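Below: one structure, written as structure tokens.
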Number of protein chains: 2
Amino acid sequence: MKARALSLASLATSALPASFTSSARAVFKRLLAVGQATRPQLCQDLGLSRPTLSAAMTELSRLDYVEVVGQAQGHTGRTASIYRIGKGAGHTIAIDAGSTVIRYRVAYLDGRVLLTGTYALSSGQRHMSAEISRKVDDAVAQSLASCVPDWGPLRAIGVAVPARVTGQSRMVAPGQETWMFGAFTPPSGVPLILENNVNCAAIAEHNYGAAAGRRDFSFIQVGLKIGMGTVLGGEVVRGQNGAAGELGHLPFPWSASDVPQPETLEDYIGADALMARVRADWPDHDPPRDSIDLFRRAGEGDPAALVHVKRHGQDVGRLIAACVAVIDPGFVVLGGGVGSLPVLLPYVREEVGRLSYATEIETSTLGADATLLGIGKLAAAHAQSALIDA
Amino acid sequence: MKARALSLASLATSALPASFTSSARAVFKRLLAVGQATRPQLCQDLGLSRPTLSAAMTELSRLDYVEVVGQAQGHTGRTASIYRIGKGAGHTIAIDAGSTVIRYRVAYLDGRVLLTGTYALSSGQRHMSAEISRKVDDAVAQSLASCVPDWGPLRAIGVAVPARVTGQSRMVAPGQETWMFGAFTPPSGVPLILENNVNCAAIAEHNYGAAAGRRDFSFIQVGLKIGMGTVLGGEVVRGQNGAAGELGHLPFPWSASDVPQPETLEDYIGADALMARVRADWPDHDPPRDSIDLFRRAGEGDPAALVHVKRHGQDVGRLIAACVAVIDPGFVVLGGGVGSLPVLLPYVREEVGRLSYATEIETSTLGADATLLGIGKLAAAHAQSALIDA
DNA sequence: CCGCTTGGTAAAGCTGCAAAACAAACGTCC
DNA sequence: GGACGTTTGTTTTGCAGCTTTACCAAGCGG
């Protein structure tokens with residue numbers, strides 16, 4: 001996760017039409033969360049009276065923030081209209097500026113997908129490069145070109161980046177970092193939200209994945225690099241320098257005789273170092289090609305592979321032990337190319353059990369989509385509050 | 001900080017008289033925070049109109065929650081009455097059940113002290129013991145005996161303990177842990193609030209000390225034991241098992257060849273281990289008697305002492321590096337018998353600078369009172385919300 | 001005494017909500 | 001097909017909590 005920081009500043013958001021009553025805000029929020037609902041359902045869920053809800057609907061309809069999509073028939077009584085978020089609420093663009101591919105997705109604020117796409121990078125980019133900037137620009141251009149009136153206004157663009165992100169707001173002023181903005185010119189007047197990619201994955205786990213409904217948990221990504229995203233009290237912990245979860249900075253090696261060196265741990269736990277150790281130690285002339293191969297063989301019972309998987313699981317467990325010692329999240333989701341492999345899990349659990357207090361550990365089920373889902377959620381959430389938290 | 005956990009449950013709180021308007025709540029809160037204020041000041045600070053404030057005052061006066069303590073004279077115009085919290089709001093008892101002494105303090109909710117006292121323990125109690133329970137009971141009995149009608153009702157009892165505290169609420173049902181409640185029987189009907197002593201010190205730093213006004217920081221206590229209390233977004237991070245900040249559980253020793261052992265770090269960084277290393281390594285036959293002596297000699301320039309102080313500062317810096325890697329608080333306050341010694345600070349800063357992102361580090365100025373101040377604040381805050389968050 | 005300023009209260013009005021009453025739509029039973 | 005019960009949606013009315021406006025009270029200097 002080592003990368004330079006992005007310093008953030010605010011950008012003028014689009015002018016807002018009006019202020020809403022708190023009930024209208026609640027209705028809008030609820031519709032975003034559940035997708036569709038009838039008025040009686042909304043009354044029930046939000047504890048509002050029918051007249052109040054009626055007023056809220058009138059308010060929201062005036063700007064096309066809600067629309068009717070059908071009728072619900074109880075087995076008796078009048079039919080109820082089914083409402084959802086309308087075109088007036090607009091849409092967002094979410095971009096996962098990953099190490100090997102750029103994914104993008106255009107969606108309404110309630111998550112309905114309008115357009116998705118992928119750009120491959122010419123080679124694995126361990127660090128940000130001009131090519132990423134270009135592809136991000138392509139993704140935005142493609143989205144804008146495909147835009148039709150039915151989508152409503154573009155409310156926010158979110159970009160998940162493999163870098164630290166700093167600043168109070170998640171918005172960035174254009175032109176601050178050439179690697180990001182060298183070829184990418186964000187459309188003016190549209191809020192741009194940057195977020196660290198691991199934090200995005202954590203947000204996705206929180207909203208759609210293994211950590212749904214939890215107030216506190218950590219998501220630990222283990223692959224080529226290591227990183228962590230933490231949610232405490234429902235809020236992402238970002239850190240003063242945007243460096244929360246940069247586990248590569250844990251003091252390592254550290255003992256009575258070893259002096260920790262900066263950023264050593266990432267190079268020790270990263271997949272490259274793992275495979276180097278595996279190859280150096282392999283008993284015959286057919287070592288695993290890559291970490292996937294190693295874990296496959298371990299799953300098939302290969303003793304040499306199991307030794308290294310166990311060893312790696314223990315090291316991951318020690319990462320979690322450090323996390324528990326500091327914040328004791330109680331629940332940890334393992335993700336990333338290596339971390340999400342189930343073969344690793346029992347060894348991780350064993351080591352955490354040996355070193356730490358009771359902590360539930362599960363592997364992620366969201367796969368490679370996690371980051372894109374998370375930045376999408378973030379962009380939608382930003383758009384939502386810009387619209388109704390007047 | 002290694003100690004058994006306290007499992008918490010709720011206790012019936014005293015019946016509440018009435019519900020307040022939000023303006024009355026705001027006025028009450030404000031008076032608690034600032035101590036004294038005139039009506040115009042409150043209008044200004046809270047953005048309320050004079051009629052609204054008048055209504056709020058009528059509400060609060062009816063239960064003696066506020067009282068007039070004087071008149072304020074501007075250089076022209078009518079005099080304004082000065083208000084503060086009244087007897088009706090009641091008082092709290094705060095107890096620091098420390099390792100060597102038990103301190104207690106009775107105070108109004110706004111912090112005005114009514115009574116303080118100290119009981120020495122017969123010997124340093126590394127773990128909780130029956131004697132602590134007895135002294136806590138003595139402290140409460142003494143407070144109750146001294147109580148006069150002027151103090152108003154007893155609203156809460158807070159106890160800071162050198163143990164993990166778990167559970168949603170800070171209240172504990174009587175009779176759950178014999179070491180705490182073997183000889184201590186809390187008065188029934190009064191909420192009892194338990195909190196870890198390091199978290200209390202952090203709360204004190206947040207309200208009265210070096211971290212005043214900060215939303216995020218960590219307080220690290222270094223002495224016989226090590227522990228950390230963290231505030232993120234103004235809220236104390238307690239952890240699922242109440243184990244957040246148990247730095248003794250950081251993986252140590254950890255390197256390519258060293259296997260971490262449970263709770264090793266506390267015994268390595270604790271003052272006893274430090275002095276053992278100092279004595280083993282001392283060049284002549286006059287080693288420092290204790291850590292205070294060591295740091296005094298270092299302050300006077302003794303090269304042998306400086307070597308060990310520097311070494312210790314580096315180790316403390318590595319603790320902070322671990323904390324920064326996980327949550328990146330941006331600001332750290334050093335406290336405790338060893339941690340608060342200024343001689344240590346430059347070495348800590350140097351090591352953190354070498355290993356981590358920019359992090360401000362200061363030493364605590366609250367001294368031994370920090371824990372008592374913190375638990376007092378917590379008890380008052382609990383009483384406050386019980387009174388007005390109806 | 002009068003002007004001037006500031007503290008405090010009483011009366012009227014506004015906002016956001018709910019309860020009650022009313023109106024409309026739908027299925028069912030005779 | 002029409003009466004009836006049920007559910008949805010709207011109109012009316014009322015209330016809580018606040019602000020604005022207006023007024024009275026208290027202090028100071030001339």
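To find a chain, count down the sequence lines: A is the first, B the second, and so on, and within it residues start at 1. Values reported hereafter were calculated over all heavy atoms of this structure, with side chains retained and with hydrogens, waters and symmetry mates removed. Only a predicted model underlies this, so the values are computations on that prediction, with no experimental measurement involved.
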#### Entry: Closest listed nucleotide, where the reference is the side chain of B:P51 and the choices are D:dG17, C:dG27, C:dA10
C:dA10

### Summary
Among the nucleotides C:dC17, C:dT9, C:dG8, whichever has the atom closest to the side chain of A:T52 is C:dC17

### Query
Starting at CG of A:L48 and ending at P of D:dT10, how long is that distance when rounded to a whole Å?
15 Å

### Interatomic distance where CD belongs to A:Q71 and P belongs to C:dC26 [whole Å]
8 Å

### Task
Check whether the side chain of A:R78 and the base of D:dT8 form a donor-acceptor pair under 3.5 Å.
yes

### Message
Among C:dT9, D:dG27, D:dT10, which nucleotide has an atom closest to any side-chain atom of B:S54?
### Response
C:dT9

### Task
Taking only Lys NZ, Arg NE, NH1 and NH2, and the carboxylate oxygens of Asp or Glu, determine whether A:E195 and A:R238 approach each other closer than 4.0 Å.
yes

### Task
For A:M57 and C:dC17, give me the distance from atom CE to atom P, rounded to whole Å.
14 Å

### Along DNA chain C (nearest heavy atom to each residue), the more 5'-positioned of A:S49 and A:G77
A:S49

### Message
Whether the B:R105 and B:T92 side chains hold a donor-acceptor pair (N or O, under 3.5 Å, no angle test) is what I'd like checked.
### Response
no

### Message
On the side chain of A:R50, is there an atom forming a donor-acceptor pair with the base of D:dG9 - under 3.5 Å, no angle test?
### Response
yes

### Query
Under the salt bridge (Lys or Arg N to Asp or Glu O under 4.0 Å) criterion, do B:D110 and B:R84 qualify, and how do the steps go?
CA-CA 9 Å; B:D110 59 3; B:R84 74 174 179 198; 5.7 Å; no

### Message
So, taking the atom named CZ in B:F28 and the one named OG in B:S23, what distance separates them when rounded to the nearest 0.5 Å?
### Response
14.0 Å

### Task
Could you work out which one of C:dC17, C:dG27, D:dT8 sits closest to the side chain of A:A80?
D:dT8

